[in-house]
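The block underneath contains the structure these notes are about, expressed in structure tokens.
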Amino acid sequence: MDTLFTGGHLFGTTGDALLVRDGRIAAVGGDDVRELATARTEVVELRGRLLLPGFQDAHVHAVTGGVELGQCDLSGTTSVDEYLRRIESYGRAHPGAEWVIGGGWSMESFAGGVPEKEVLDRVTGGRPAFLMNRDHHGAWVNTAALERAGIDAHTPDPADGRIDRRSDGEPAGGLQEGAMDLVAALVPEATAADRLAGLLRAQELLHSLGVTAWQDALMCGANGYPDVSDAYLTASRDGSLVSDVEGALWWRRDQGSEQIPALVEQRERLTGGRLRCRTVKFMLDGVAENFTAAMTAPYRDACGRPTGNSGISFVEPQALAEYVTAVDALGFQAHFHALGDRAVREALDAIAAARDANGHRDTRPHLAHLQVVHPDDVRRFGALDATANLQSYWAAHEPQMDELTIPFLGPGLAERQYPFGDLHRAGVRLAAGSDWPVSTPDPLQAIHVAVNRSLPGSDEPAFLPEQRLGLEVALRAYTAGSAFVNHRDDTGALLAGQRADLVVLDRDPFAGPVDAIGGTRVALTYVDGERVHASREA
């Protein structure tokens, strides 16, 4: 059946009517398009609302987020008392569970960002507990978990992580980066059924937020992260995966080029139906809050003095260039976690090496997070045809930024954070993603921050306001930009012949003040012309 959308604003066009036929956009215009409707055409009255291409998330952990929704969920609050209430409630609701598992807590809730094991001991009833923080680069563990893992004052830090300690060397209760795996290796894994349920739960949530396709940034996980590929493979085979997914295959940082044949095998095995796995994910560094993001200048201490630490490069730069060149030659896209400016530079250097060795191939490399970018590297993105993959919800004043990040970066690094405006002005292609469950999966909340550089409803001043993006630019990043990254060239624009992945908002955000963008909601979502979500008010 045909569907006619009429009477609203069509993003990127001057028309006010769009016709869908056989899962694709058949025509865009005005009265000429309305005249194509028949008695069997379904008519969607836009009533002045905005119709736009479906949002595409270029960096998300959908299965992980969906699974965590069914675990001990600590997200949405920064209150330690509320954390403890939820943990205790979870324990009562799951009396047979061997471990208390979940996550979503914020570092800002604890002095210095470090949680204490004894606080967790009070509400876990002697059961071991492993609770990831909201950025998934650290975990809160209790005494029972540390004892099971044999972690004490004499346990050395792993090369890619840190055990948070007290002055006597005793573990405090926090594990950073690779140190998480010391306990995570003991935690009972989610079952295949849990992972599939998590994927379907996530897909429903993403559809409700207007996300019609995405790139899962952690397929075939290792180094302490779970392998979620079986959920995608099952769902792609049985048809329950409704959206197209590009899977980013995990590069194991404890191995080298010998893992490349396995990546080729995974690409073949995990490609079919709605699922494609043509990407390799390189995690180059950590996060600024725990001082593991790789920077070109050292972090400061609590008194503002330079330290001897400038973060961790998880992959040695010369080896990284070799690895990226090799996978690029095999037609893989490279997807980088690059948060500090040294990690960004190392990623760009690796892309440059691949371009020099292989020529320009349509592999579409992209760098995610980009918290700090050195000014000398901004224009290199365009020269290398590398996409900047923005997680814009983080570019705002809030306690984790103001208390745990800015004071420890110093002005040279702090003033280079999330330079979206500079990247856009330099002509760099922008894509966008959420990194959910690290932060909200709602594109409209992230777009609000990209435009305002402040959180919805916040009265804090704009964070580095010169780096704001216009609303149209931010929307294009979350639609056409991410479609490019995901190799979905027949999506991302309202053009005849494009697939009918569409979103109807509950208003036209261009018609109101920019500080109201965050109040916008999704009314209708379509994938290939089929409705997959309708709000109560639609």
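These numbers were taken from a predicted model, which means no experiment stands behind them.
- For Arg345 and Thr296, the side-chain atoms include no donor-acceptor pair closer than 3.5 Å.
- Under the 6.0 Å cut-off for aromatic ring centres, His369 and His59 qualify, their centroids lying closer than that.
- Ring centroid separation for the pair Phe408 and Tyr299 does not come in under the 6.0 Å cut-off.
- Side chains of Glu98 and Pro188 form a contact here, defined as non-hydrogen atoms less than 4.5 Å apart.
- Side chain to side chain, Ser257 and Tyr323 fail the donor-acceptor criterion of an N or O pair below 3.5 Å.
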Applying salt bridge (charged side-chain N to carboxylate O under 4.0 Å, His left out), run through Arg488 and Asp244 and close with a yes or a no.
CA-CA 9 Å; Arg488 301 184 75 245; Asp244 283 356; 3.2 Å; yes
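- Ionic pairing of Asp341 and Arg416 is present here: one or more N-O contacts between side-chain nitrogen and carboxylate oxygen are shorter than 4.0 angstrom.
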Working for side chain to side chain donor-acceptor pair (under 3.5 Å), residues Asp435 and His61
CA-CA 6 Å; Asp435 205 17; His61 307 285; 2.9 Å; yes
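- For the atom pair Glu346 CD and Asp285 CG, the distance stands at 8.0 Å (nearest 0.5 Å).
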Start with the C-alpha gap between Asp168 and Arg166, add the side-chain angles, then the distance that decides, and say whether salt bridge (charged side-chain N to carboxylate O under 4.0 Å, His left out) holds.
CA-CA 5 Å; Asp168 61 358; Arg166 295 181 176 140; over 6 Å; no
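- Counting only N and O atoms by type, the side chains of Thr440 and Gln445 include no donor and acceptor under 3.5 Å apart.
- For the 3.5 Å distance criterion, the side chains of Thr307 and Asp301 fail to qualify, holding no donor opposite an acceptor.
- Taking the side chain as every heavy atom from C-beta outward, Thr491 and Asn486 never approach each other to under 4.5 Å.
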Run Arg253 and Asp160 through salt bridge (charged side-chain N to carboxylate O under 4.0 Å, His left out) and show every step you take.
CA-CA 9 Å; Arg253 57 182 181 251; Asp160 60 348; 3.0 Å; yes
Begin from the C-alpha positions of Trp394 and Ser439 and carry the test side chain to side chain donor-acceptor pair (under 3.5 Å) through to its verdict.
CA-CA 8 Å; Trp394 306 339; Ser439 62; 3.1 Å; yes
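- Using a 4.5 Å heavy-atom cutoff, the side chains of Gln400 and Arg134 are in contact.
- Between Glu170 and Arg165, no side-chain nitrogen of the basic residue sits less than 4.0 Å from a carboxylate oxygen of the acidic one, so the salt-bridge criterion is not met.
- If you take CD on Gln203 and OG1 on Thr212, they are separated by 11.0 Å, rounding to the nearest 0.5 Å.
- Counting heavy atoms from C-beta on, the side chains of Val228 and Met219 come closer than 4.5 Å.
- Judged purely by distance below 3.5 Å, without hydrogens or angles, the side chains of Asp227 and Ser229 pair a donor atom with an acceptor atom.
- Smallest separation of non-hydrogen atoms from Pro306 and Pro298: CB-CG, 4.2 Å.
- In this structure, the side chains of Pro317 and Glu322 stay at 4.5 Å or more apart for every pair of heavy atoms.
- Applying the salt bridge (Lys or Arg N to Asp or Glu O under 4.0 Å) rule to Arg364 yields the partners Asp362, Asp489; only residues at least two apart in sequence or on another chain are considered.
- Aromatic pair Phe130/Trp99: centroids not less than 6.0 angstrom apart.
- Ring centroids of Trp105 and Phe110 are separated by less than 6.0 Å, placing the two rings close together.
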Walk me through whether Gln215 and His335 qualify under side chain to side chain donor-acceptor pair (under 3.5 Å).
CA-CA 10 Å; Gln215 182 162 147; His335 178 166; 2.8 Å; yes
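- Here the side chains of Arg195 and Tyr232 are not in contact, with every heavy-atom distance at 4.5 Å or above.
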